[in-house]
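Take a look at the structure below.
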Amino acid sequence: MRSLGMILLASFLFCSNLLTQYFWTEQVTGTNVILNSVSNIDGTNAWVCGYNGTVLKTSNSGYNWVNLSGNGLPSNILLVNIFGVNTSTALTAGYLNSNTYVYRTSNSGSNWQLVFSENFGFINGIYMQNNINGFMYGDRVSTRWSLWKTTNGGINWDSTGLFLPVIGPEKGRGNSICGVNSKIWFGTDRFRIYYASDFLNPVWQTQNSPTDTNIYSIWFNSSGSIGFFGGDSLSKTTNSGSNWSVIPSIGTGPISSFTGLNGILSYWYVRNNNNIYFSQAGGTYVIQYSAPLGSYTELSAARSGFSGGPGAIYAVRTNGGISRLNFIVEGVTIISSEIPDSYKLHQNYPNPFNASTIFKFEAPKLSSSTGGEVRGGY
């Protein structure tokens with residue numbers, strides 16, 4: 001019966017009348033420093049950085065976070081953004097006094113090497129298109145934006161061909177950057193978003209905010225057509241940023257981080273407090289989760305390869321906290337908090353030739369609770 005049950009269980013899990021649901025869980029991080037940035041590769045693998053030279057990494061969907069501080073990272077550097085290229089390679093930027101520094105690891109954080117420094121600079125964000133090509137932007141140095149590209153995986157950085165003069169007193173915002181393939185957008189504190197269709201050989205365009213002075217966060221879908229930015233309000237584009245319009249949002253204060261999951265039209269933002277706001281299919285935003293302590297600084301959805309389960313989004317906070325968004329399927333009822341060591345499918349009842357049947361199953365990766373029942377018809 002187990003083979004038949006497994007077939008029926010699979011049919012239930014992919015049945016159209018079982019709806020996706022979300023729930024948040026708190027992670028054990030082992031730190032209480034301010035965490036500023038998170039880079040979610042695929043839900044299973046993610047990188048986080050913060051003050052005191054802190055870098056954390058998970059390779060098992062957030063069940064464990066390994067502290068990768070030291071090993072070449074100064075203990076007093078204030079890390080403000082991070083980009084996880086893959087499971088072994090990451091780049092993180094921070095500052096000491098008035099100077100900025102970028103460090104790179106290619107061996108999962110066992111060692112960090114200094115790959116960039118700039119006096120009187122501040123790197124706001126890093127984006128890697130792939131394992132080789134990447135871009136980063138920083139606040140003005142003299143009369144130009146600090147813009148850099150790499151064509152060897154972040155080992156060397158070059159500003160050739162990236163000249164962009166600063167307009168007035170404008171500067172950037174931390175983590176206010178989004179890349180889709182070769183396209184790049186980055187935000188400023190003066191109404192403007194800068195855009196180039198090819199960051200390696202850019203022709204810069206400005207995209208103006210309809211209302212907001214500060215562009216704190218930018219997110220685009222995988223095609224680069226639909227995008228959002230967060231400021232004092234929330235704005236949306238459906239033409240790659242050529243036009244922006246303000247859309248309804250809730251909460252007060254600046255929207256410091258925005259993200260979405262490609263393909264399912266679900267969106268989240270944080271608004272300078274301990275609340276995470278959620279909208280399904282562009283509908284009304286609601287508070288989906290409130291953290292027990294600390295204020296959220298950034299949230300990051302899985303970039304690629306995510307197929308459900310824990311780790312859809314990680315959100316980091318000022319008290320060292322990390323919240324994890326998990327997917328479940330409606331119709332699965334949690335009946336035990338014990339975490340099993342392996343998958344197990346119990347005998348169904350009544351028999352599968354009835355209009356509906358119930359399976360008890362155990363699965364080690366359904367987040368903090370794992371025993372369950374699946375109910376459905378066929």
Side-chain angles (χ1 to χ4, degrees), residues 29-31 33-42 44-59 64-139 141 145-162 172 174-175 177 179 184 186 199-200 297-298 300 303 314 316 320:
T29 66
T31 185
V33 304
I34 295 174
L35 300 178
N36 291 306
S37 183
V38 51
S39 181
N40 187 353
I41 298 174
D42 55 13
T44 301
N45 301 280
W47 299 76
V48 169
C49 76
Y51 285 177
N52 299 346
T54 301
V55 172
L56 307 175
K57 180 191 174 187
T58 183
S59 55
N64 301 102
W65 291 89
V66 179
N67 194 317
L68 303 174
S69 307
N71 303 318
L73 285 173
S75 60
N76 58 343
I77 193 169
L78 306 176
L79 297 176
V80 292
N81 58 74
I82 194 166
F83 192 96
V85 183
N86 50 47
T87 58
S88 60
T89 303
L91 293 141
T92 184
Y95 67 96
L96 280 173
N97 300 317
S98 59
N99 302 326
T100 190
Y101 304 90
V102 177
Y103 293 85
R104 178 182 185 270
T105 182
S106 58
N107 56 9
S108 300
S110 296
N111 298 101
W112 294 89
Q113 294 181 328
L114 179 67
V115 294
F116 177 87
S117 64
E118 187 176 40
N119 295 335
F120 307 106
F122 187 93
I123 295 297
N124 291 290
I126 301 171
Y127 163 70
M128 294 295 293
Q129 178 187 6
N130 47 43
N131 293 343
I132 303 300
N133 297 326
F135 173 88
M136 65 183 181
Y137 98 102
D139 286 350
V141 173
W145 284 95
S146 181
L147 307 180
W148 304 84
K149 61 184 176 183
T150 180
T151 55
N152 62 1
I155 298 172
N156 301 108
W157 294 88
D158 181 19
S159 62
T160 302
L162 300 181
N175 294 307
I177 184 173
I184 199 77
F186 68 86
F199 65 79
L200 293 177
T297 53
E298 195 192 17
S300 175
R303 294 200 306 266
Y314 296 103
V316 297

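The structure displayed is predicted, hence computed values, not measured ones. Scope of the values below: all heavy atoms of this structure, side chains included, with no hydrogens, waters or symmetry mates.
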**Partner residues of Ser75 under the side chain to side chain donor-acceptor pair (under 3.5 Å) criterion, sequence neighbours left out** = none

**Prompt:** If you look at every heavy atom in Ile41 and Asn86, which pair is closest and at what distance?
**Reply:** CD1-O, 3.3 Å

**Message:** Less than 4.5 Å apart, side chain to side chain, heavy atoms only: is that true for Leu79 and Asn36?
**Reply:** no

**Request:** Could you tell me whether the side chain of Lys57 and the main chain of Thr87 form a donor-acceptor pair under 3.5 Å?
**Result:** yes

**Item:** Pairing residues for Tyr101 by the ring pair (Phe, Tyr, Trp, His ring centres under 6.0 Å) criterion, not counting sequence neighbours
**Value:** none

**Request:** Evaluate the ring planes of Phe135 and Phe199, with Trp represented by its six-membered ring, and classify them as parallel (under 30°), tilted (30 to 60°) or perpendicular (over 60°).
**Result:** tilted

**Request:** Evaluate the criterion side chain to side chain contact (heavy atoms under 4.5 Å, CB included) for residue pair Ser98 and Phe120; output intermediate values, then yes/no.
**Result:** CA-CA 5 Å; Ser98 59; Phe120 307 106; 3.7 Å; yes

**Item:** Within-4.5 Å side-chain heavy-atom neighbours: Leu91 and Val102
**Value:** yes

**Message:** Could you go through Ser146 and Met136, starting from their C-alpha distance and side-chain angles, then the distance that decides it, and tell me whether this counts as side chain to side chain contact (heavy atoms under 4.5 Å, CB included)?
**Reply:** CA-CA 8 Å; Ser146 181; Met136 65 183 181; over 6 Å; no

**Asked** At what distance, to the nearest 0.5 angstrom, does CD of Gln129 lie from CD1 of Ile184?
**Response** 9.5 Å

**Request:** Could you check Phe83 against Val85 for side chain to side chain contact (heavy atoms under 4.5 Å, CB included), going step by step and ending with a plain yes or no?
**Result:** CA-CA 6 Å; Phe83 192 96; Val85 183; 4.2 Å; yes

**Message:** Ignoring hydrogens and geometry beyond distance, is a side-chain donor-acceptor pair present between Trp148 and Thr150 at under 3.5 Å?
**Reply:** no

**Asked** Given side chains that start at C-beta, do those of Val55 and Trp112 come closer than 4.5 Å, heavy atoms only?
**Response** yes

**side chain to side chain contact (heavy atoms under 4.5 Å, CB included) against Ser106, all qualifying residues, sequence neighbours excluded** = Thr89, Arg104

**Request:** Check step by step if side-chain hydrogen bond (donor to acceptor under 3.5 Å, both in side chains) holds for Ser69 and Asn67.
**Result:** CA-CA 6 Å; Ser69 307; Asn67 194 317; 2.5 Å; yes

**side chain to side chain contact (heavy atoms under 4.5 Å, CB included) evaluation trace for Leu68 with Trp47** = CA-CA 10 Å; Leu68 303 174; Trp47 299 76; 3.7 Å; yes

**Message:** Regarding Asn81 and Asn124, do their side chains bring together a donor and an acceptor under 3.5 Å, going by distance alone?
**Reply:** no

**Request:** Measure the CD1-CG distance between Ile77 and Leu96 for me, rounded to the nearest 0.5 Å.
**Result:** 5.0 Å

**Item:** Contacts of type ring pair (Phe, Tyr, Trp, His ring centres under 6.0 Å), residue Phe186, not counting sequence neighbours
**Value:** Tyr137, Trp145, Tyr194, Trp204

**Prompt:** With sequence neighbours excluded, what pairs up with Tyr51 under the ring pair (Phe, Tyr, Trp, His ring centres under 6.0 Å) test?
**Reply:** none

**Prompt:** Any side-chain heavy-atom pair from Leu73 and Thr92 closer than 4.5 angstrom?
**Reply:** yes

**Message:** If you define the side chain from C-beta out and look only at heavy atoms, does anything of Asp158 sit under 4.5 Å from Asn156?
**Reply:** no

**Message:** Give me the atom names and distance for the closest heavy-atom approach of Ile155 to Val115.
**Reply:** O-CB, 3.7 Å

**Request:** With rounding to the nearest 0.5 Å, note down the distance linking OH in Tyr314 to CG in Leu56.
**Result:** 12.0 Å

**Under 3.5 Å side-chain donor-acceptor pair for Glu118 and Thr100** = no

**Message:** Can you list everything that forms a side chain to side chain donor-acceptor pair (under 3.5 Å) with Asn97? Sequence neighbours excluded, please.
**Reply:** none

**Request:** Assess the side chains of Ser37 and Asn175: does a donor N or O sit below 3.5 Å from an acceptor N or O?
**Result:** yes

**Asked** Is a side-chain N or O of Thr105 found less than 3.5 angstrom from the main chain of Ala90, in a donor-acceptor match?
**Response** no

**Prompt:** If you look at every heavy atom in Ile82 and Ser39, which pair is closest and at what distance?
**Reply:** O-CB, 3.7 Å

**Message:** Which heavy atom of Ser159 sits nearest to which heavy atom of Leu147, and what is that distance?
**Reply:** CB-O, 3.3 Å

**Request:** Hey, could you give me the CD1/CG distance between Ile132 and Asn152, rounded to the nearest 0.5 Å?
**Result:** 7.5 Å

